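The next block holds one structure in the form of structure tokens; read it before the comments.
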Amino acid sequence: MRQPSVLIIGAGATGMLVYIKLREAGITDLTLIEKADKVGGTWRENTYPGIACDIPAPHYCYSFEPYVWTHHLAFGGELQEYMEHVGRKYGVTDNARFGEAVTSCVYGDDGKWHVETSKGDTFAVDLVISATGILHHPKWPEIDGKDDFAGAHWHTARWRHDVDLTGKRIGVIGTGSTAHQVIPELIKGGNEVSVFQRTPQWVAPVPNIRFPEWLRRRWQRKPERMQGWKAAYRWLVQNVFINATVGKWLPNQVMNILCKGHLLRIRDRDLRSKLRPDYEVGCKRLVINTSFYGAIQKPNAHLITEGIEKIESGGIRTKDGRLHELDVLIYSTGFHNFNYMRPMNLVGRDGHRIEDSWGAGQYRTHRGVLLEHFPNFVLMLGPGTPIGNNTIIGIAERQMGYVMQLIDMWRNGETDAIEPTSKAVEEFANYISAGVKDTVWVGGCQSWYLDASGQPTIFPYDWDEFLRITEKPDPSELVASAPKDKVA
Ligand code: NAP
């Protein structure tokens with residue numbers, strides 16, 4: 001078998017997995033580049049109060065590295081500890097190049113990727129695997145007067161731990177999954193908290209249970225005892241939370257009952273109607289939370305729905321003319337979800353740029369990982385990947401199994417260029433768009449699940465279907481290329 005040189009971009013949960021799996025497969029010419037100073041990705045970057053993963057922890061970890069979690073929904077700090085533990089144990093931490101960003105990847109006539117980094121270093125490699133994640137470029141909203149605010153202000157993904165919030169009047173813009181986690185913590189602190197809501201969210205109540213010490217000790221003694229729990233969580237996520245969104249009647253009804261029943265925790269009718277969405281349950285990414293509704297009813301919490309007119313030095317003026325005076329302003333306004341590996345300069349075969357493919361706001365891939373015109377470039381968790389309320393780690397593991405088979409085709413000399421045909425990309429786009437009509441994502445809301453043309457950027461079918469399409473590469477979907485000499 002010939003051995004490829006591989007460059008991996010990113011040492012978050014997915015990049016670490018890629019590194020570990022390539023090493024396991026005997027590929028040794030590996031370069032792993034990470035822009036930050038340590039592994040962890042999302043869990044390194046997001047440190048806001050209340051941060052937790054709303055996917056059950058026994059399901060949100062590598063299949064080959066079980067962990068004895070303290071809670072069934074792990075907190076951010078514990079997840080980061082886990083990432084660092086995996087990084088140390090599997091040699092990622094010792095071998096990654098930290099503090100360096102990939103700025104350019106250009107496919108050359110020599111069939112190699114020519115990569116440049118922020119440190120001015122260059123590499124020529126056979127294969128690039130981009131594992132940059134999706135939600136990592138904080139989005140600052142376009143609101144008039146944003147720069148006029150006199151007090152401290154920041155985005156939730158860049159939490160400022162140096163600002164003492166005691167006794168401060170705090171404004172939070174946004175009511176997505178992040179806001180639902182951070183707002184109760186701010187309210188709990190006794191501060192006056194004003195929540196600026198543009199669109200209400202459906203909230204599924206999943207309590208965060210602490211695992212009892214005796215159970216954790218049992219798991220520590222024999223980690224295989226966790227398998228049953230893991231399987232139960234997997235079943236729940238796949239059959240209830242995912243299926244509720246992709247056209248399965250029963251789980252959808254269960255989710256409706258859960259969310260609508262949960263809303264009844266709001267005792268004041270006026271407040272309840274402000275918090276009641278007018279779109280289908282699950283249309284926007286479902287929020288999983290049990291503390292927000294209790295917190296927003298406290299006397300020091302204020303839900304503001306009049307709409308933001310502008311930001312002034314002293315606070316936020318809403319469309320009804322009222323100025324909400326604030327000392328601190330927190331943006332919980334999400335991410336640029338369609339950046340993927342960008343802003344790097346990505347140029348494929350025949351000078352084809354990624355903007356040539358994606359410029360119109362349609363994000364096409366082949367089976368979520370391959371791009372037409374970009375041979376031997378793999379985009380982990382690319383458009384068409386099942387994201388929703390599911391484990392990123394499990395999805396990445398499945399994709400890596402598919403990608404390894406493609407790499408083996410290259411290693412065996414069956415192909416020189418792992419690249420999908422136009423027909424395959426077209427067919428995959430049609431297959432994805434055919435699924436959207438059955439989903440709740442077209443249930444009357446705006447969300448990052450759909451691109452500019454209304455096509456889903458996530459997978460609109462159930463988990464079994466995802467397993468089917470990532471089972472085995474179909475050589476007829478790849479651009480044919482003359483194999484180089486096979487090396488015995
Ligand atoms: P988000 O879901 O995109 O929410 C952004 C919020 O900001 C929305 O409420 C949005 O209102 C509001 N907003 C944006 N621009 C605004 C403007 N100009 N004026 C007023 N409001 C504005 O972001 P997020 O909460 O950070 O979550 C992003 C994703 O991260 C989630 O979908 C999820 O996939 C992931 N996440 C996961 C977890 C977990 O535990 N696994 C936790 C947190 C986040 P509109 O709804 O009206 O646009």
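For ligands, and for the atoms within them, numbers begin at 1 and follow the listed sequence. On a predicted model such as this, the values are computed, not experimentally measured, just so you know.
Between His71 and Phe75, the ring planes are perpendicular. Angles over 60° get that label, and only those under 30° would be called parallel. Between Trp358 and Tyr363, the ring planes are perpendicular. Angles over 60° get that label, and only those under 30° would be called parallel. Note: His262 and Tyr293 have tilted aromatic rings, judged against thresholds of 30 and 60 degrees for the angle between ring planes. Between Phe338 and Tyr340, the angle of the ring planes lies from 30° to 60°, which puts this pair in the tilted group. Using cut-offs of 30° and 60° on the angle between ring planes, the pair His153 and Phe149 is perpendicular.
What sits closest to atom 26 (O) of ligand 1 on the protein, heavy atoms only, is Thr178 OG1, 2.6 Å. Atom 48 (O) of ligand 1 has its closest protein heavy atom at Arg198 NH2, 3.0 Å. Atom 3 (O) of ligand 1 has its closest protein heavy atom at Gly334 CA, 3.7 Å. For atom 4 (O) of ligand 1, the nearest non-hydrogen atom of the protein is Gly176 CA, 3.7 Å. Atom 31 (C) of ligand 1 has as its closest protein heavy atom Arg285 CD, 4.0 Å. Residue, atom and distance of the protein heavy atom nearest to atom 18 (N) of ligand 1 are Pro141 CB, 3.3 Å. At the top of the distance list for atom 6 (C) of ligand 1, counting protein heavy atoms only, stands Ser332 O, 3.3 Å. In terms of protein heavy atoms, atom 45 (P) of ligand 1 is closest to Thr199 OG1, 3.5 Å.
Side-chain N/O atoms of Thr385 and Gln399 include a donor and acceptor closer than 3.5 Å. Of the N and O atoms on the side chains of Asn239 and Arg234, not one donor lies less than 3.5 Å from an acceptor on the other residue. There is a side-chain donor-acceptor pair under 3.5 Å between Glu84 and Gln80.
Of all the atoms in ligand 1, the ones that sit under 4.0 Å from a non-hydrogen atom of Gln181 are 40 (O), 42 (C). In summary, the atoms of ligand 1 found under 4.0 Å from a heavy atom of Trp448, numbered by their order in the structure, are 32 (O), 34 (O). Set against the non-hydrogen atoms of Cys53, the atoms of ligand 1 under 4.0 Å away are 40 (O). Residue Ile173 approaches ligand 1 through these ligand atoms, each under 4.0 Å from one of its heavy atoms: 20 (C), 21 (N). Atoms of ligand 1 lying under 4.0 Å from at least one heavy atom of Gly174, given by number and element, are 6 (C), 7 (O), 9 (O), 12 (C). Here is the list of ligand 1 atoms found below 4.0 Å of a heavy atom in Lys284: 45 (P), 46 (O), 48 (O). Counting the atoms of ligand 1 from 1 in the order shown, those under 4.0 Å from a heavy atom of Ser177 are 25 (O), 42 (C), 43 (C), 44 (C). Short contacts between ligand 1 and Leu135, defined as distances under 4.0 Å to a heavy atom of the residue, involve ligand atoms 29 (C), 30 (O), 34 (O), 35 (C).
Residue-level proximity to ligand 1 for Phe196 is absent, since no heavy atom of it falls below 4.0 angstrom. By the criterion of a heavy-atom distance under 4.0 Å, neither the backbone nor the side chain of Glu142 is placed next to ligand 1. Contacts between Ala157 and ligand 1, counted as non-hydrogen atom pairs separated by less than 4.0 Å, are absent for every part of the residue. By the criterion of a heavy-atom distance under 4.0 Å, neither the backbone nor the side chain of Tyr449 is placed next to ligand 1. Both the backbone and the side chain of Thr175 come within 4.0 Å of ligand 1, counting heavy atoms alone.
The six-membered or imidazole ring of Phe211 lies away from that of Trp69, with a centre-to-centre distance of 6.0 Å or more. Between Tyr60 and Tyr233, the ring center distance fails the sub-6.0 Å criterion. Aromatic pair Phe374/His366: centroids not less than 6.0 angstrom apart.
Look at Glu306 and Arg322 and you find no salt bridge, because none of the NZ, NE, NH1 or NH2 atoms lies under 4.0 Å from a carboxylate O. The pair Arg216-Glu213 meets the salt-bridge criterion, since a charged nitrogen lies less than 4.0 angstrom from a carboxylate oxygen.
Taking all heavy atoms of Leu73, Asn390, Asp54 into account, the minimum distance to atom 39 (C) of ligand 1 is reached by Asp54.
Between Tyr48 and ligand 1, not a single N/O pair is under 3.5 Å apart.
Residue contact annotation: Phe335 has a non-hydrogen atom under 4.0 Å from ligand 1. Ligand 1 is never approached by Tyr331 to a heavy-atom distance shorter than 4.0 Å.
Both cation-pi conditions hold for Lys260 and Trp202: the charged atom is under 6.0 angstrom from the six-membered ring centre and inside a 45 degree cone around its axis.
Remark: of the listed residues Arg169, Glu192, His324, Glu192 is the sole one forming a side-chain hydrogen bond (donor to acceptor under 3.5 Å, both in side chains) with His302.
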